[in-house]
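Note that this is a predicted model, so its numbers are computed, not measured. Numbered from 1 within each chain, the chains take letters A, B, ... in sequence-line order.
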Amino acid sequence: MADDRKLTPRSEDFAAWYNEIVQRAELADYSPVRGSMVIRPWGYGIWERMQRALDDMFKATGHENAYFPLLIPMSFIEKEKEHVEGFKPELAIVTHAGGKELEEPLLIRPTSETVILEMFGKWVQSYRDLPLLINQWANVMRWELRPRLFLRTAEFLWQEGHTAHASAEEAEEETLRMLGVYRDFMENWIGMPPITGLKSESEKFAGAVRTYACEALMQDNKALQAGTSHFLGQNFSRAADFTFQSEAGTEEYPWSTSWGVSTRMVGGMVMTHGDDDGLVVPPRLAPTQVVVVPIYRNDEERSATLAKAAEVEARLRDDGVRVKVDGRDHLNPGAKFYEWERKGVPLRVEIGPKDLEKGSLCIARRVVPEGEKRKVFPAEAEALASIPGRLDALQTDLRDRAVARREENSYRGVSDWGEMKEILETKGGFVYTGWSGDPAVEARAKEELKATIRVIPGEEFRSDTAPDRCISGEGAAAHEVVWARAY
RNA sequence: CGGGGCGUAGCGCAGUCCGGUAGCGCGCCUGCUUUGGGAGCAGGAGGUCCCGGGUUCGAAUCCCGGCGCCCCGACCA
């Protein structure tokens, strides 16, 4: 960077911009262990807001939290053939403990289906014990070859929901319900509107019957898989020899689901809303929604503006606003402005001698509406009263802008391979086409275009006119699919 | 695992080609003056120059061997 106070612009080098913003907004830092990161208070505060909102949504849909162990016996994961095939390359395995080599290696969970279903088997005897609706907040480890802060780290934080049901229909319903919860959360809390749908066979979770996913489009027009919900059929209950007695008296394997979202969503938030000045945190996720900066030239003004700042803080806190006064004396106001803008705090209230004199407050907005100025100067009472509404409006505005950007960069009705190639190699974005269902077409796209089918879109995201031919030119379209380059 | 880049003060870097005992900016500490968009001045603290060997009177610099990190790719339920 020419000026190390400024970020590399997104247009110049999006990856560099992303790395700089994550560190300079103090979201996270590299740790001594390659592939692992330290989540700093500002980043963790955002994750905590995400957790709280999601946890409420899980509880509201009947789930309870539990906690299962970090270490899983090697033999457990080997019980489900596809599962172990899928995960083996990225497992971290503990072979020694207590100064001795272990008889059976223990793996650090990459996900917990195997151990959770094993335990479910001990707890469930009858259909009356079903459904079992469990979630856990945990860390997992997948030894990724190429880590990226938040987007792909060896260790990451997530939640994994695991449920068991007496019927396939009920389990499928649960799978879709949680996909909907994720979508709702991403739209209304992160302001990161995903498209949702089914994964193709080649992209589904190892061991699942069907995988549904939320796919969001980042500002560089690459897709981010932001959450998945799996219908596991009876695969994992069979592997764990988990059975129950049905109402009819027969012994059956339950139908299970699993679903997860992770700290990757923090990366998605960065790449959805951040700009060349820094991070933009949606109000509902911001650990601090309003920062109050006092401005003064002498001790008298200092005490007067600090007193007013405390008053403003108390008033906003009463209104349920997360507010903080930045009373640091060794920084001048400009330095504070830049810092809080870089960290993405939605609103700033500036209080100086002129405001005290006029009985007004300065409200500076992190995101400036088109054609307007950053700062407005309403009378104090009006300013304070307006803040909750301003936060709500920004929350909605961020989402609406993201929806608009997603749609502007979605290309429907593409029927020619060359056209798809042209889009993916230049602008990027979501490309909707027909697909015969032949995996060879996916393989070709991956090789030639570095693109994959992100989802077979759910009904609501499908085009008005269903494509009739496969994008390969060979055969009829079995589905409409969405292609993109992805993280 | 392939390609590229980089390891020198907390951070960002120069110095390395051409060997001579370590420097710049930011940050940090103290004081004074400042404070409405990244303050100024003065004084100050801070370094196994990634590690190990070798060459040399002398190595951040040259030679050999390691290690680590970042980026691009392969891979990524």
If I pick the [atom1] atom on [M] and the same atom on [N], what distance separates them, to the nearest angstrom?
| N | M | atom1 | value |
| --- | --- | --- | --- |
| B/C62 | B/C6 | P | 13 Å |
| B/C41 | B/C67 | C1' | 45 Å |
| B/A60 | B/C50 | C1' | 12 Å |
| B/G12 | B/C70 | P | 13 Å |
| B/A14 | B/C24 | C1' | 7 Å |
| B/G38 | B/C26 | C1' | 11 Å |
| B/G25 | B/U61 | C1' | 23 Å |
| B/G27 | B/G10 | C1' | 7 Å |

Rounded to whole angstrom units, what separation is found between the [atom1] atom of [X] and the [atom2] atom of [N]?
| X | N | atom1 | atom2 | answer |
| --- | --- | --- | --- | --- |
| A/Arg485 | B/C76 | CZ | P | 17 Å |
| A/Glu90 | B/A74 | CD | P | 16 Å |
| A/His330 | B/C41 | NE2 | P | 18 Å |
| A/Glu144 | B/C1 | CD | P | 17 Å |
| A/Arg348 | B/G36 | CZ | C1' | 10 Å |
| A/Glu301 | B/G36 | CD | C1' | 11 Å |
| A/Glu85 | B/C75 | CD | P | 17 Å |
| A/Arg24 | B/G10 | CZ | C1' | 15 Å |

Taking the side chain as every heavy atom from C-beta outward, state whether A/Thr211 and A/Leu198 have any atom pair closer than 4.5 Å. no
Can you find a pair of side-chain heavy atoms, one from A/Met271 and one from A/Gln219, that are under 4.5 Å apart?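 The answer is no; the side chains never approach within 4.5 Å.
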Under 3.5 Å between N/O atoms: give me all the protein pairs with nucleotides 67-70 of chain B, atom names plus distance.
from	atom 1	to	atom 2	distance (Å)
B/C70	OP2	A/Arg34	NH1	3.2

Taking the side chain of A/Leu145 as heavy atoms from C-beta outward, which of B/C75, B/G38, B/C76 is closest to it? B/C75
Candidates B/G38, B/G37, B/C28 - which lies nearest the side chain of A/Arg374: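 The answer is B/G37, which lies nearest to the side chain.
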Touch class at under 4.0 angstrom, heavy-atom based, for [X] against every strand present:
| X | value |
| --- | --- |
| A/Arg342 | base |
| A/Lys446 | sugar-phosphate |
| A/Glu82 | nothing |
| A/Arg148 | nothing |
| A/Glu341 | base |
| A/Ala15 | sugar-phosphate |

Could you check whether A/Tyr338 and the base of B/G38 form a stacked pair, meaning centres closer than 5.5 Å and planes differing by less than 30°?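 It does: the two rings, one from A/Tyr338 and one from B/G38, meet the stacking criterion.
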Under 3.5 Å, is there a donor-acceptor pair between the side chain of [X] and the main chain of [Y]?
| X | Y | answer |
| --- | --- | --- |
| A/Arg365 | A/Leu394 | no |
| A/Glu350 | A/Ala364 | no |
| A/Arg210 | A/Leu232 | no |
| A/Asn235 | A/Gly207 | yes |

What pairs of residues pass the ring pair (Phe, Tyr, Trp, His ring centres under 6.0 Å) test when at least one of them lies in residues 197-231 of chain A, not counting sequence neighbours?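 Found A/His83-A/Phe205, A/Phe87-A/Phe205, A/Phe205-A/His230.
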Using Watson-Crick or G-U wobble geometry with both distances below 3.5 Å, tell me the partner of [N], or none.
| N | result |
| --- | --- |
| B/A22 | none |
| B/G73 | B/C1 |
| B/C41 | B/G31 |
| B/G68 | B/C6 |

Answer yes when A/Lys204 and A/Glu201 have at least one side-chain N-carboxylate O distance shorter than 4.0 Å, and no when they do not.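 Looking at A/Glu201 together with A/Lys204, the answer is yes, because their closest N to O distance falls below 4.0 Å.
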In terms of side-chain geometry, is the basic nitrogen of A/Glu447 or A/Arg444 positioned less than 4.0 Å from the acidic oxygen of its partner? no
Report yes or no: is the cationic atom of A/Arg264 (NZ for Lys, CZ for Arg) closer than 6.0 Å to the six-membered ring centre of A/Trp158, at no more than 45° off its axis? no
Tell me, please, which residues at least two apart from A/Arg315 pass salt bridge (charged side-chain N to carboxylate O under 4.0 Å, His left out). A/Asp319
Could I get the full list of salt bridge (charged side-chain N to carboxylate O under 4.0 Å, His left out) partners for A/Lys222, not counting sequence neighbours? none
Which residues pass the side chain to side chain contact (heavy atoms under 4.5 Å, CB included) test with A/Leu331, not counting sequence neighbours?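 Testing A/Leu331 for side chain to side chain contact (heavy atoms under 4.5 Å, CB included), a comparison that skips the adjacent residues, returns A/Arg328, A/Ala335, A/Lys336, A/Glu339.
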Taking side chain to side chain contact (heavy atoms under 4.5 Å, CB included) as the definition, give me every residue that meets it alongside A/Thr153, ordered by chain and number, with sequence neighbours left out.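 A/Thr153 satisfies side chain to side chain contact (heavy atoms under 4.5 Å, CB included) with A/Met37, A/Phe156 once adjacent residues are dropped.
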What about A/Glu339: does its side chain form a donor-acceptor pair under 3.5 Å with the base of B/G38?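 Check fails, no donor-acceptor contact within cut-off.
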Donor-acceptor pair present, A/Lys375 side chain and B/G37 base, under 3.5 Å: yes
Atom pairs and distances, side-chain donor-acceptor, residues 289-299 of chain A, under 3.5 Å, sequence neighbours left out:
from	atom 1	to	atom 2	distance (Å)
A/Gln289	OE1	A/Arg322	N	2.8
A/Gln289	NE2	A/Pro283	O	2.9
A/Tyr296	OH	A/Asp329	OD1	2.6
A/Arg297	NE	A/Glu301	OE1	3.3
A/Arg297	NH2	A/Glu301	OE2	2.9
A/Asn298	OD1	A/Glu300	N	3.2
A/Asn298	OD1	A/Glu301	N	2.7

Using a 4.0 Å cut-off on heavy atoms, which residues in residues 152-159 of chain A reach RNA chain B? List them by number, or say none.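 Per residue number, the list reads A/Arg152, A/Phe156.
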Please list, by residue number, the residues of residues 351-364 of chain A whose heavy atoms come closer than 4.0 Å to an atom of RNA chain B; answer none if no residue qualifies.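 The answer is A/Gly352, A/Pro353, A/Lys354, A/Asp355, A/Cys362.
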Residues in ring-ring contact (aromatic ring centres under 6.0 Å, His included) contact with A/Trp17, at least two apart in sequence or another chain: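 For A/Trp17 the ring-ring contact (aromatic ring centres under 6.0 Å, His included) partners, ignoring immediate neighbours, are A/Phe14.
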Quick one: ring-ring contact (aromatic ring centres under 6.0 Å, His included) partners of A/Phe58, sequence neighbours excluded?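 Once residues adjacent in sequence are excluded, the partners of A/Phe58 under the ring-ring contact (aromatic ring centres under 6.0 Å, His included) criterion are A/Trp259.
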Detail all sub-3.5 Å separations between protein N/O atoms and N/O atoms belonging to nucleotides 32-35 of chain B.
from	atom 1	to	atom 2	distance (Å)
B/U35	O2'	A/Tyr296	O	3.0

